[in-house]
2 protein chains.
Amino acid sequence: MLKLRQIYQMNNLHKLFFKAFSNQTRLEIIQLLKKEPLTVTKICDKTGFEQSRVSHNIKCLEHCGFVKATQNGNFREYALDKETIIPVIDLFEKHIQKYKERLKTCKIIT
Amino acid sequence: MLKLRQIYQMNNLHKLFFKAFSNQTRLEIIQLLKKEPLTVTKICDKTGFEQSRVSHNIKCLEHCGFVKATQNGNFREYALDKETIIPVIDLFEKHIQKYKERLKTCKIIT
DNA sequence: TAAGCATATGATAAAGTTGTCATATAGATT
DNA sequence: AATCTATATGACAACTTTATCATATGCTTA
């Protein structure tokens, strides 16, 4: 009984983890932060995204432990928490290289 | 110019990759297949999921290179492609252990 | 302290995803 | 060949996620 619940919780956490990454906005932010720490405004400039779109999504990334913020007077500078994200992204490259055509043509995930 | 396009494509592939994992049905299937290869019917029995729900989602996992199928007369037995999935799942445990409370309380991803 | 920039946040319409139903296909068994 | 069992698939309603808008907060500098 308890075991079933544990399995459920585990899957649920996994789901949350992966959802954090399965969003265009958040992935583009991560991509940019791989190069250098940035403020919300600078991310907006570089991506063309609406300011509130970036704020909402970076808040999610921060809350879930993927990025860290340092307050600098009026500014908040966001940086990747390299411990997790970099290895995660890098690990997937191999799979993506091998299966990219298949990923692109899947009818279920789009 | 080309570079921007490459970055876009890369993010798009990443997105597809993560989407494959950010679904309760597919995660539960992966969880079960970690133990042993199974048919659609057996997955239905173990999870209580509708047959077409399992078929649709396992097709996605197969198409994208996460599971392999072997035809056995009337049956198709699905097995995890251990090359990618096992290390992926395992890599995330650390992050999930550390940040589980935060993942659970994020308002953006649910 | 007023005005200006930087960022945050709640509500919601629009877009995207999911499970289910109905039905199809295809090998096995009678 | 008819039936049965296993799996696959298209369509679509229900549900979920997203970006945007309007507005709020809060630091900074005149």
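Proteins come first, then strands; the chains are lettered A, B, ... in the order of their sequence lines, and each starts at number 1. As a basis for the values below, the full set of heavy atoms in this structure was taken, side chains included, without hydrogen atoms, waters or symmetry mates.
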Is it the case that over 12 heavy atoms from other parts of the model lie below 6.0 angstrom from the NZ atom of A:K82? no

Give me, pair by pair, the N or O atoms of the protein and of nucleotides 8-10 of chain D that are less than 3.5 Å apart, along with how far apart they are.
{"from": "D:dA8", "atom 1": "OP1", "to": "B:R76", "atom 2": "NH1", "distance (Å)": "2.8"}
{"from": "D:dA8", "atom 1": "OP1", "to": "B:Y78", "atom 2": "OH", "distance (Å)": "2.7"}
{"from": "D:dA8", "atom 1": "OP2", "to": "B:S55", "atom 2": "OG", "distance (Å)": "3.4"}
{"from": "D:dA8", "atom 1": "OP2", "to": "B:Y78", "atom 2": "OH", "distance (Å)": "3.3"}
{"from": "D:dA8", "atom 1": "N7", "to": "B:Q51", "atom 2": "NE2", "distance (Å)": "2.8"}
{"from": "D:dA8", "atom 1": "N6", "to": "B:Q51", "atom 2": "OE1", "distance (Å)": "3.1"}
{"from": "D:dT9", "atom 1": "OP2", "to": "B:K59", "atom 2": "NZ", "distance (Å)": "2.4"}
{"from": "D:dG10", "atom 1": "O6", "to": "B:H56", "atom 2": "NE2", "distance (Å)": "2.8"}

Can you tell me how far C1' of C:dG19 sits from CZ of B:F49, to the nearest Å? 11 Å

Find the distance B:E77:CD to D:dA6:P and express it as a whole number of Å. 14 Å

Can you tell me how far P of C:dT7 sits from CG of A:L38, to the nearest Å? 11 Å

Suppose we call two aromatic rings close when their centres sit under 6.0 Å apart. Are A:F17 and A:F66 close by that rule? yes

Note: B:V40 and B:S55 closest approach over all heavy atoms is CG1-OG, 3.9 Å

Distance check: side-chain N/O of B:T41 vs OP1/OP2 of D:dT7, anything under 4.0 Å? yes

Under a 3.5 Å distance rule, please check whether B:Q71 uses its side chain to pair with a backbone N or O of B:G73 as donor and acceptor. yes

Quick one: B:F75 CZ to C:dT25 P, roughly how many Å, whole number? 22 Å

Nearest-angstrom distance from the residue atom CD of B:E50 to P of C:dA22: 10 Å

CZ of A:R26 to CG of A:N57, rounded to nearest 0.5 Å, is 5.0 Å

Do A:K46 and A:E36 meet the salt-bridge criterion of a basic N to acidic O distance under 4.0 Å? yes

Nearest atoms (heavy-atom pairs only) where A:L33 meets A:Y78: CD2-O, 3.4 Å

Atom NE2 of A:H63 and atom P of C:dT7 are separated, to the nearest Å, by 21 Å

Taking NZ, NE, NH1 and NH2 as the nitrogens, is one of them in B:E62 or B:R76 under 4.0 Å from a carboxylate oxygen of the other? yes

Within less than 4.0 Å of OP1 or OP2 of D:dT18, is there a side-chain N or O belonging to A:T25? no

Please encode protein proximity along nucleotides 25-30 of chain D as a string of B, S and -, counting only heavy-atom distances under 4.0 Å. -BBS--

For B:F18 and C:dG16, what is the distance between atoms CZ and C1' respectively, to the nearest whole Å? 19 Å

Which whole-number value in Å describes the distance from B:K42 NZ to D:dT7 P? 9 Å

Output the distance between atom CG (B:D45) and atom OG1 (B:T39), rounded to the nearest 0.5 Å. 7.5 Å

